[in-house]
Amino acid sequence: MLKGVLCSTGAIITRFNGRDPRLVPQFAPQIDCDGFEVMLYPSWYEGGRLDEYVEFLSRSGLDFPVLHADKSIGELLSLGGEENLAEARRRFAVGCRAAQRLGSRLMVLHLWGGPASDREIERNIAELGGFTELAERCGVLLTVENVICAVSAPLEIIKRILALYPEAAFTIDTKMAEFHGELKDELDFAPLFEGSRAAHLHVNDYGGGLKDFSDLRVLHPGSGHVDFESFFKKVLACGYEGFATVEATSVLPDGSIDTERLNDSLRKVREGLTP
């Protein structure tokens, strides 16, 4: 059974409002969600305010079941080199501590990313064991997201991960899967849901063509061409028992939130994943 529908903080704080996490409690009463997925940004590290922001959110009274680790971790791993690897490990450790402080039970990780993407994927996968152990010590379930690939495809990488780490868990993003044509006809991810390896969902739409890197917008469900009716039915049939997060940006140029559209997406996901 679905645990609840979350709103990503990335959907309500963007460059238009300074990615200021102090706005989250202000917007929260207007959003019909069951909690929030906190997105960590590199600018929070670089500005030296991460601890302050995490402390503020932890005292807000809001529920943060999921934390999305800084996306730059995957990019740093993909770039390689001792300095980049060391910085990726540092940022991951900081993310684990933030999740622990916020009471998050699950963390989303981009294990690869950026222009280098999955070109040296074995190097990226080699870091997963240490990352998983650290997350477990912090009481957090680490999940690898099916991030878009430059060379291979997410499902192929997931299979390689499972060959080495059979207990690995994953966040399945509908936009990422559709980008690679992995939601066509049959639910290729079904074995992951049936085996509880798919521990979290990102429900977003995609409007571009197959591997169209020129169109990577994160769209609201129903704004692209993902067949959500079919997807939801298949996920329900697999007995999915996790959270689902909507990440689609709802921030207007003036920094305000299109709450009507955001709440409509949250409603669609909740109805679609309720038996």
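At a threshold of 4.5 Å between non-hydrogen side-chain atoms, the residues L219 and Y206 do not count as touching. Under the 4.5 Å side-chain criterion, counting only non-hydrogen atoms from C-beta, N124 is in contact with I121. Looking at heavy atoms from C-beta onward, F56 lies in side-chain contact with P25 at the 4.5 angstrom threshold. Here the side chains of V5 and C33 are not in contact, with every heavy-atom distance at 4.5 Å or above. You'll find the side chain of C149 reaches within 4.5 Å of the side chain of H180, heavy atoms only. At a threshold of 4.5 Å between non-hydrogen side-chain atoms, the residues N17 and F27 count as touching. Side chains of F228 and K268 form no contact here, defined as non-hydrogen atoms less than 4.5 Å apart. I157 has its side chain within reach of W112: a pair of non-hydrogen atoms, C-beta onward, lies under 4.5 Å apart.
Closest approach of P154 to V147, counting heavy atoms only: CG-O, 3.4 Å. In terms of heavy atoms, N204 sits closest to V226 at O-CG2, 4.3 Å. Nearest heavy atoms, R91 versus Y45: O-OH, 3.4 Å. Across all non-hydrogen atoms, the minimal contact from G207 to D215 is C-OD2, 3.9 Å. Between Q30 and T259, the shortest heavy-atom distance links the atoms OE1-CG2, 3.4 Å. Nearest heavy-atom pair, G80 versus N84, reported as atom, atom and distance to 0.1 Å: O-ND2, 2.8 Å.
V246 and L106 fall into different hydrophobic clusters, where Ile, Leu, Val, Met, Phe, Trp and Tyr side chains are chained together by heavy-atom contacts under 4.5 Å. Linking ILVMFWY side-chain heavy atoms closer than 4.5 Å, directly or via other members, places L109 and L201 in a single hydrophobic cluster. No chain of hydrophobic side-chain contacts below 4.5 Å, direct or via other Ile, Leu, Val, Met, Phe, Trp or Tyr residues, connects L266 to V218. Cluster annotation: L192 and M1 are assigned to distinct hydrophobic clusters (Ile/Leu/Val/Met/Phe/Trp/Tyr, side-chain heavy-atom contacts under 4.5 Å, transitive). A continuous path of hydrophobic side-chain contacts links F193 to L273 [ILVMFWY only; heavy atoms under 4.5 Å].
Counting non-hydrogen atoms of neighbouring residues, nucleotides and ligands closer than 6.0 angstrom, the CD atom of E82 reaches no more than 12 such neighbours. The number of heavy-atom neighbours closer than 6.0 Å to CD of E122, taken from other residues, nucleotides and ligands shown, is above 12. The neighbour count for K233 NZ, taken as heavy atoms of other residues, nucleotides or ligands under 6.0 Å away, does not exceed 12. Annotation: E127, atom CD; neighbour count of heavy atoms from other residues, nucleotides and ligands within 6.0 Å is above 12.
We find that R90 and E87 are joined by a salt bridge, their nearest charged nitrogen and carboxylate oxygen being less than 4.0 Å apart.
In terms of the ring-ring contact (aromatic ring centres under 6.0 Å, His included) criterion, residue partners of H200 (sequence neighbours excluded) are, by chain and number, H202. With sequence neighbours excluded, the residues satisfying side-chain hydrogen bond (donor to acceptor under 3.5 Å, both in side chains) with R49 are E52. Looking at residues two or more places apart in sequence or on another chain, you find a side-chain contact (heavy atoms from CB on, under 4.5 Å) between A168 and I161, L162, Y165, F170.
R119 and S78 share no side-chain donor-acceptor pair at under 3.5 Å.
L134 contributes atom CG, which lies 9.0 Å from atom CG of L142 (distance to the nearest 0.5 angstrom). Atom CG of residue L40 and atom OG1 of residue T9 lie 8.0 Å apart, to the nearest 0.5 angstrom. R97 contributes atom CZ, which lies 13.0 Å from atom CG of L102 (distance to the nearest 0.5 angstrom). Note that OG of S152 and NZ of K159 are 9.5 Å apart. Values are rounded to the nearest 0.5 Å. The CG atom of L111 sits 11.0 Å away from the CZ atom of R123 when rounded to the nearest 0.5 Å. For the atom pair H68 NE2 and M39 CE, the distance stands at 4.0 Å (nearest 0.5 Å).
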Would you please test R160 and E156 for salt bridge (charged side-chain N to carboxylate O under 4.0 Å, His left out) and show each step?
-> CA-CA 6 Å; R160 293 166 77 171; E156 291 304 312; over 6 Å; no
Show the numbers, then the answer: is there a salt bridge (charged side-chain N to carboxylate O under 4.0 Å, His left out) between R261 and D264?
-> CA-CA 5 Å; R261 189 174 193 190; D264 182 59; over 6 Å; no
Check against salt bridge (charged side-chain N to carboxylate O under 4.0 Å, His left out), E55 and R101 = CA-CA 8 Å; E55 181 65 20; R101 182 70 184 89; 3.0 Å; yes
Show your reasoning for whether salt bridge (charged side-chain N to carboxylate O under 4.0 Å, His left out) applies to E271 and R267.
-> CA-CA 6 Å; E271 292 178 351; R267 177 188 56 79; 3.1 Å; yes
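Looking only at distances, a side-chain donor or acceptor of T14 sits under 3.5 Å from a matching main-chain atom of F16. In this structure, S250 contributes its side chain and A248 its backbone to a donor-acceptor pair below 3.5 Å.
Geometrically, R22 does not engage Y53 in a cation-pi contact, judged by NZ or CZ lying under 6.0 Å from the ring centre and within 45° of the ring axis.
Aromatic ring pairs are classed by plane angle as parallel below 30°, tilted from 30° to 60° and perpendicular above 60°; the pair F92 and F131 is parallel.
Tested against S265, the residues R270, H220, E247 include a single side-chain hydrogen bond (donor to acceptor under 3.5 Å, both in side chains) partner, H220. Across V38, D63, T245, a single residue satisfies side chain to side chain contact (heavy atoms under 4.5 Å, CB included) together with L6, and that is T245. The one candidate from L77, D118, V144, L164 that meets the side chain to side chain contact (heavy atoms under 4.5 Å, CB included) condition with I125 is L164.
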